[in-house]
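Structure record follows, encoded as structure tokens.
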Amino acid sequence: MIRFDIIKNSNNVKARAGLLYTDHGVIETPIFMPVGTQGSVKAVNQTFLAEDIKAQIILGNTYHLYLRPGTDILFKAGGLHKFMNWNRPILTDSGGYQVFSLAELRKLRKDGVEFKSHIDGSKHFFSPAKVIEIERFIGSDIMMPLDECTPYPCDYDYAKKSVELTSKWAVLNKEAFEKTQPLYGHQQYLWGIIQGSVYKDLREKSALDLVKLDFDGYSIGGLAVGEPTEKMYEILDFIVDYIPENKPRYLMGVGKPENILEAIERGVDMFDCVMPTRNARNSHIFTWNGIISIRNNRYKDDFRPLDENCDCYACKNYTRAYLRHLFVAKELLAYELASVHNLHFYLSLAKNARKHIIEGDFPEWKNKVIKIISKKISKEE
RNA sequence: GUGGAAUUAGCUCAGUUGGUUAGAGCAUCAGAUUGUGGCUCUGAGGGCCAAGGGUUCAAAUCCCUUAUUCCACC
């Protein structure tokens with residue numbers, strides 16, 4: 001069983017600060033985990049990731065890594081940590097989301113999912129046991145089980161069947177996990193993923209089924225897939241109480257900075273999202289003063305840093321005008337600097353949230369910063 | 001000098017036998033992006049169709065003149 005120490009509970013809200021122990025290091029929660037789908041956080045090298053951004057754990061994706069480079073290469077390399085030169089924790093998503101997002105290629109079966117590779121069209125089959133096997137080859141510290149992520153909107157009957165399937169698979173995931181061993185000498189842990197779309201009774205059923213199996217942690221999946229944000233908060237308010245308090249809670253794929261803070265307030269400990277990196281590549285910059293679209297014409301002669309309150313590599317060394325120029329010229333450095341900055345912002349956001357939970361003024365701080373950081377900067381002061 | 005071709009958005013070009021408010025790509029400008037199928041998607045602005053004159057109910061389209069550019073031949 002993974003060790004998770006809650007070092008401080010918030011007084012009025014469910015937010016908490018904790019320490020999550022893995023063989024690759026201790027993670028301070030709440031935490032944001034940069035997404036490195038194919039064994040690389042896009043446009044960011046591992047040195048920056050560790051030393052500047054101060055990422056404590058990153059994500060890999062089972063579906064993508066299985067297709068390329070494949071488990072034989074990962075095994076020969078000694079696991080993903082060595083392969084990519086990252087010695088801090090790694091969490092792998094199972095490919096359950098790809099089952100949903102690549103829906104045209106999939107065929108759901110009771111025992112797993114058939115799909116066609118988006119790379120070469122070849123046919124493959126994922127079962128819960130197969131996914132665990134692949135994650136053993138990858139060597140991720142925290143493994144996600146195979147699940148089905150429902151789209152939104154999703155009618156009740158489909159969501160119900162989907163929860164039943166995900167619960168059935170959870171049993172098989174857990175069995176496979178217990179029957180197999182880590183390959184590289186460090187411990188691996190398995191989470192359960194709660195589904196149920198926007199239906200509270202289905203969410204409850206999903207949570208009860210999974211808690212019975214006693215996973216190391218619990219993920220909340222199937223949110224931020226298009227439902228109104230208020231709906232997401234409503235489900236979070238409801239579902240967190242069904243997850244044992246001493247287990248880490250992971251809200252998959254979320255989200256915008258304000259979504260993360262609202263979810264922390266509701267008791268979530270872990271987050272991942274492509275937003276800081278994908279948006280960085282599209283010139284969308286998160287700052288403590290609000291959102292900047294750095295390609296905008298008005299930054300062409302703005303020689304201030306992206307964010308005057310930031311000490312990341314990009315802000316310490318380069319100006320808005322230069323970043324805008326790089327984006328307009330489609331220079332590769334644009335993607336690197338913007339990604340470093342946005343990830344640094346997300347990690348700072350989590351770090352500050354943690355600090356204010358410990359200091360006891362999280363809700364006040366949260367309400368104050370959300371107003372500022374979620375707004376687009378439209379007029380320069 | 002002679003003959004031919006061309007001239008349409010900032011750039012490169014479409015534009016059917018003349019027929020409503022002349023299109024595209026790129027560029028520009030502005031949005032979007034939530035367990036990532038690496039440079040994506042959506043939208044907007046921008047043209048007295050080289051200039052002038054004719055023919056016609058109607059001209060980017062046909063005719064004439066001029067200008068500019070390119071090609072071929074003396």
Side-chain angles (χ1 to χ4, degrees), chain A residues 32-44 58-65 67-68 91-106 115-121 131 140 142-152 166 191 193-195 218-229 231-233 236 250-260 262-263 268 270-286 291-300 324 326-336 338-339 342 346 374 376 378:
Chain A
F32 177 80
M33 309 180 282
V35 176
T37 307
Q38 312 194 62
S40 164
V41 174
K42 293 185 196 301
V44 179
I58 62 172
L59 253 74
N61 187 282
T62 303
Y63 167 89
H64 290 281
L65 291 168
L67 290 178
R68 194 166 51 190
L91 180 152
T92 41
D93 185 20
S94 63
Y97 185 74
Q98 278 60 39
V99 168
F100 150 64
S101 70
L102 307 175
E104 285 173 43
L105 307 173
R106 75 166 178 182
F115 61 92
K116 270 191 183 174
S117 160
H118 68 277
I119 298 166
D120 62 5
V131 165
S140 48
I142 298 172
M143 314 191 287
M144 293 301 120
L146 186 65
D147 68 326
E148 188 199 4
C149 179
T150 47
Y152 181 86
T166 291
W191 261 226
I193 303 180
I194 299 165
Q195 291 290 346
Y218 293 89
S219 304
I220 302 160
L223 289 179
V225 290
E227 79 284 3
T229 308
K231 204 86 188 165
M232 173 168 86
Y233 295 154
L236 279 179
Y250 164 29
L251 178 56
M252 305 182 79
V254 171
K256 292 179 182 173
E258 62 264 36
N259 300 151
I260 289 175
E262 292 292 352
V268 176
M270 303 161 70
F271 303 87
D272 81 280
C273 191
V274 302
M275 193 164 278
T277 41
R278 177 185 288 165
N279 285 17
R281 279 180 267 118
N282 291 295
S283 69
H284 180 119
I285 306 293
F286 295 96
I291 293 163
I292 288 180
S293 197
I294 194 63
R295 256 191 82 114
N296 286 8
N297 193 40
R298 66 171 172 277
Y299 298 116
K300 68 183 175 201
R324 174 184 137 86
L326 293 178
F327 269 105
V328 170
K330 293 189 161 69
E331 278 292 339
L332 297 179
L333 185 57
Y335 309 127
E336 180 184 10
S339 298
N342 276 355
Y346 265 64
S374 60
K376 174 141 187 198
S378 53

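In the text below, chain A, chain B and the rest are named by the order of the sequence lines, each starting its count at 1. All heavy atoms count here, side chains included; hydrogens, waters and symmetry mates do not. Everything numeric in this text was worked out from a predicted model, so none of it was measured.
Base engagement by Thr277(A) is indicated by at least one non-hydrogen atom pair under 4.0 Å involving a base atom. Among the atoms of the strands shown, base atoms are found under 4.0 Å from some heavy atom of Lys42(A). Heavy atoms of Glu258(A) sit nowhere under 4.0 angstrom from any nucleic acid atom.
For the pair Tyr250(A)/Asp272(A), a side-chain contact is recorded, criterion being any heavy-atom separation below 4.5 Å from C-beta on.
Remark: the Asp147(A) side chain and the G35(B) base include a donor-acceptor N/O pair separated by less than 3.5 Å.
Remark on RNA chain B: of its neighbouring residues Leu332(A) and Asn296(A), the 5'-side contact belongs to Asn296(A), judged by nearest-heavy-atom nucleotide. Mapping Met144(A) and Gln38(A) onto RNA chain B by nearest heavy atom places Met144(A) at the nucleotide closer to the 5' end.
Side-chain atoms of Asn297(A) lie closest to A30(B) of the nucleotides U36(B), A30(B), G38(B).
Residues Asp147(A) and Tyr97(A) bring no donor and acceptor atom of their side chains to less than 3.5 Å of each other.
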Show me, pair by pair, the donor-acceptor contacts under 3.5 angstrom made by side chains of residues 274-286 of chain A, not counting sequence neighbours?
residue: Thr277(A); atom: OG1; partner: Val274(A); partner atom: O; Å: 3.1
residue: Asn282(A); atom: ND2; partner: Arg278(A); partner atom: O; Å: 3.1

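With hydrogens and angles ignored, the 3.5 Å screen pairs no side-chain donor or acceptor of Gln195(A) with any backbone N or O of Ile193(A).
Counting to the nearest Å, the P atom of A27(B) and the CZ atom of Arg324(A) are 13 Å from each other. Protein atom OH of Tyr299(A) is 13 Å distant from nucleotide atom P of C29(B), rounded to whole Å. Regarding Tyr63(A), its OH atom lies at a distance of 7 Å from the C1' atom of G37(B), rounded to whole Å.
The phosphate of A27(B) has neither OP1 nor OP2 within less than 4.0 Å of any side-chain N or O from Arg295(A). Gln98(A) has a side-chain polar atom (N or O) that falls below the 4.0 Å cut-off from OP1 or OP2 of G37(B).
Taking 90° from 0 as the syn/anti boundary, the base of G38(B) is oriented syn.
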Produce the list of close N/O pairs, under 3.5 Å, pairing protein atoms with atoms of nucleotides 32-34 of chain B; give distances to one decimal.
residue: U33(B); atom: O2'; partner: Asn279(A); partner atom: OD1; Å: 3.3
residue: U34(B); atom: OP1; partner: Arg278(A); partner atom: NH1; Å: 3.0
residue: U34(B); atom: O3'; partner: Gly253(A); partner atom: O; Å: 3.2
residue: U34(B); atom: O2'; partner: Ala224(A); partner atom: O; Å: 3.0
residue: U34(B); atom: O2'; partner: Gly253(A); partner atom: O; Å: 2.8
residue: U34(B); atom: N3; partner: Asn259(A); partner atom: OD1; Å: 3.1

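When base pairs are accepted only as Watson-Crick or G-U wobble with both N-N or N-O distances under 3.5 Å, RNA chain B takes part in stems of 3 or more pairs at B:1-7 with B:67-73, B:10-13 with B:23-26, B:28-32 with B:40-44, B:50-54 with B:62-66.
Here the CD1 atom belonging to Ile194(A) is positioned 8.0 Å from the OH atom belonging to Tyr218(A), to the nearest 0.5 angstrom.
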